[in-house]
Amino acid sequence: MVQRNREWTLCKLVLVALASLVSHLGAAQSIAKAEQDPQIAAALQQVSGQHIQANIKKLVSFGTRLTVSAQDPSSIAAGRGIGAAREWIKSEFERYSKDCGGCLEVKVDSFIEPAADRIPAATEITNVYAVLKGADPAQSKRMVLVTGHYDSRNSDTLDVKGDAPGANDDGSGTAVSLECARVLSKLKFPATIIFLTVAGEEQGLNGSRHFAKMAKDQGWDLEAVLNNDIVGGDKSAEQDHSVVRVFSEGVPVAASEQDIKRIRGLGGESDSGSRQVARYVAEVGRTYDAGVKPMLVFRLDRYLRGGDHYSFNEQGFSAVRMTEFREDFHHQHQNVRNENGIEYGDVPKFVDYDYVAHVARLNAATLASLASAPAAPANVHLLTKDLENDSTLTWDAVPGAASYEVLWRATTSGEWEHAQSFGNATRGTLKVSKDNVVFAVRAVDGAGHRSLAVVPVPER
C-alpha cells in the first residue's frame, strides 16, 4: 500500500509539472502545416521533367559554355560556345513571355570583366534574366529571385576548345530557373519574381557578383535569393534522391563589427536573414509535396567550394544554395573520358531529370509563396526594459497583413517550434522567458500566406 501511495504521489507530481509547463507556454501551439494555395499547388503540377531534360540536353549541345569561350556571331550561328548558349536562353525567356502575353520583361546584364587568373583577357560576361513584375503596385517593389549559372568548364578552366557539357554543373540549375519562369509566368503575384541565369561562376563568381552589386546599387528590395547549383541528382549508387541540401550562412558576411558584437551578445549566430530563408524553404517543403525534402545545412557552402549565393550575401542579401545530397566528383570539372574503368565528365546520362523537376517544384513553391505573402514586419523589437519573465514584442503594421504570428524555438533548435497568433495587433506578450528561447515575428495575409520571419532587436 505504501508503495502504491508513493507511485500515485509521483504521478501527481509529474502531472503538476506538465500542467505548469503548459501554463508557462500560455496559448502556444506547435506550428501547424500551412494550408496549400490551390493556385500554387496547380502550378507545381505543370513542372515537367521532359521540359527540363530537353533544356539540359540543349545546353549540352553547345559543346562548351566556358565563360571565355567563343561568343562571336559566327560561333553563335554555328551553335557552339557561351555566346550561343546565352542567345538560346534569352530566346527561351522571350518564348515564355510571348506565351503569357508579354508578362515577362527579358533583360541582359552585360559587362567587361578585366583579365584575372581565370580570365586571360578582358571578356564580356552576360547575365540573362526575366522579370515577372508584381501585380500589386504597393508590393511590386518587393522581389524574390531564383538563379543558376549557365557557364561550364572541364578539367582546365582555360580550355576554350574542349567540350565542357556541364549537364549537372550547372545545366540543372539553369533548367530550374527556366522551368520556374515557364510555369510561374502563367500566374500573377503581388510581389515581383526574377528568373536569373548568370555566367562567370566557374571563373570566380563574376556574373553573380556584378548582378548582386547592381541590385544593391539600385536599391532593390530583394527579400530572398535561391541559388541552384548541381541539382541534377547524379545517378551514383549512394545518392539520396529524396532530399536536397539547402546551405545558408550563419553570421552574415556583410555584418558590421557592431552587428557582430550584437549577434554574439544575443546568441544570434543562427538567425541571419539567409537562415530565415532556409527555414522558409523547409516549411514550404512540408506544405507542398514537391517530391524532394529540404535538408538544412547550417554553413555557407561545402568544403573547398563556393557558389553564386555568396555574391548576394556579400551585398547584404539573404541567399541560400540548393545542391543534391551526394555529389560525384568524377562527373564535375572533368574532361569526358573513360579511365581505369571510371567514367569521367558531366554528361546528361548521369542526370536524374525527375529529381531536377522535384527541385524545380520546391523552388517554384517557395518563390510563389513569398511573392504571394505580405512583406515581413519591420521594426520588430523585444522589450528588455525591466527584469521580468514574460516577454513582450512589438512591430510595425504591414500592408496586406490580416494577422501576425510570434514564433519561438529553443536556442538549441534549428527550426521554429511554436507559434502564437496575435490577430491584427502590433504588440504581443507571452509567458515565455526571453532568456530561454529565440523569438521572431511574421505577417500572415487573409489567405494564410506567411512572410519571412524577423528576429527582434532588444529595446531598452
Side-chain angles (χ1 to χ4, degrees), residues 59 64-69 71 82 85-86 89 108-129 145-160 164 166 168-174 176-177 194-218 220 222 224-231 245-250 252-255 272-274 277 297 299-323 327 332-333 346:
L59 288 165
T64 179
R65 305 190 306 277
L66 186 69
T67 296
V68 294
S69 64
Q71 49 183 313
I82 188 78
R86 174 193 71 216
I89 291 169
V108 295
D109 165 38
S110 294
F111 62 98
I112 301 298
E113 184 72 21
D117 289 344
R118 294 187 178 186
I119 299 180
T123 299
E124 182 179 41
I125 296 179
T126 301
N127 302 315
V128 186
Y129 62 109
L145 182 151
V146 60
T147 186
H149 71 86
Y150 71 92
D151 62 305
S152 65
R153 58 161 289 189
N154 57 30
S155 303
D156 182 357
T157 55
L158 299 179
D159 181 5
V160 298
N168 192 356
D169 184 15
D170 188 30
S172 62
T174 301
V176 166
S177 283
I194 297 174
F195 310 97
L196 173 65
T197 63
V198 300
E201 195 271 354
E202 301 291 6
Q203 310 307 110
L205 311 183
N206 309 100
S208 61
R209 184 171 292 117
H210 188 272
F211 193 92
K213 188 175 186 305
M214 176 185 71
K216 181 70 172 182
D217 291 345
Q218 294 184 7
W220 289 12
L222 186 53
V225 173
L226 309 179
N227 175 36
N228 292 266
D229 196 348
I230 310 178
V231 291
R245 291 181 291 175
V246 183
F247 291 88
S248 59
E249 68 173 1
V253 65
S272 65
S274 298
V277 173
V297 183
R299 58 168 48 106
L300 173 64
D301 211 323
R302 297 101 8 105
Y303 285 103
L304 302 177
R305 308 296 289 277
D308 290 314
H309 59 303
Y310 182 69
S311 295
F312 291 92
N313 290 154
E314 284 185 310
Q315 297 299 328
F317 295 118
S318 300
V320 300
R321 174 194 180 122
M322 296 192 195
T323 298
E327 300 167 70
Q332 295 177 20
H333 301 178
D346 189 358

**OP:** Applying side chain to side chain contact (heavy atoms under 4.5 Å, CB included), name anything that partners D308, two or more places apart in sequence or on another chain.
**Re:**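 So D308 forms a side chain to side chain contact (heavy atoms under 4.5 Å, CB included) with H149, V198, E201, L205, S208, N227.
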
Subject >> Test side chain to side chain contact (heavy atoms under 4.5 Å, CB included) applied to A319 - qualifying residues, sequence neighbours left out >> reply: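 Only V225, H309, F312, N313 meet the side chain to side chain contact (heavy atoms under 4.5 Å, CB included) criterion with A319.
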
**OP:** Could you verify whether a donor N or O on one side chain and an acceptor N or O on the other, from N127 and H210, lie under 3.5 Å apart?
**Re:** no

**OP:** Would you please say whether a donor-acceptor pair under 3.5 Å links the side chains of R153 and Q332?
**Re:** no

Original post:
So among D346, T64, D159, which one has a side-chain hydrogen bond (donor to acceptor under 3.5 Å, both in side chains) with N154?
Top reply: D159

Original post:
Does the side chain to side chain contact (heavy atoms under 4.5 Å, CB included) test come out yes or no for M214 and D109, once each step is laid out?
Top reply: CA-CA 9 Å; M214 176 185 71; D109 165 38; 4.2 Å; yes

Subject >> For H333, all residues meeting ring pair (Phe, Tyr, Trp, His ring centres under 6.0 Å), sequence neighbours excluded >> reply: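 Result, ring pair (Phe, Tyr, Trp, His ring centres under 6.0 Å) vs H333: none returned.
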
Original post:
Looking at residues at least two apart in the chain, or sitting in another chain, which of them share a ring pair (Phe, Tyr, Trp, His ring centres under 6.0 Å) with Y129?
Top reply: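 Ring pair (Phe, Tyr, Trp, His ring centres under 6.0 Å) list for Y129, sorted by chain: F211.
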
Subject >> Under the side chain to side chain donor-acceptor pair (under 3.5 Å) test, residues paired with R245 that sit two or more places apart >> reply: E327

Original post:
Distance from M322 atom CE to N228 atom CG, nearest 0.5 Å?
Top reply: 5.5 Å

Original post:
In Å, rounded to the nearest 0.5 Å, how long is the span from CG of L300 to CD of E249?
Top reply: 6.5 Å

Original post:
Would you find a donor on one side and an acceptor on the other, under 3.5 Å apart, between the side chain of D170 and the backbone of I230?
Top reply: yes

Subject >> Neighbour count >12 (heavy atoms, 6.0 Å) for atom CG, D117 >> reply: no

**OP:** Would you please name every residue forming a salt bridge (Lys or Arg N to Asp or Glu O under 4.0 Å) with R209, sequence neighbours left out?
**Re:** E314

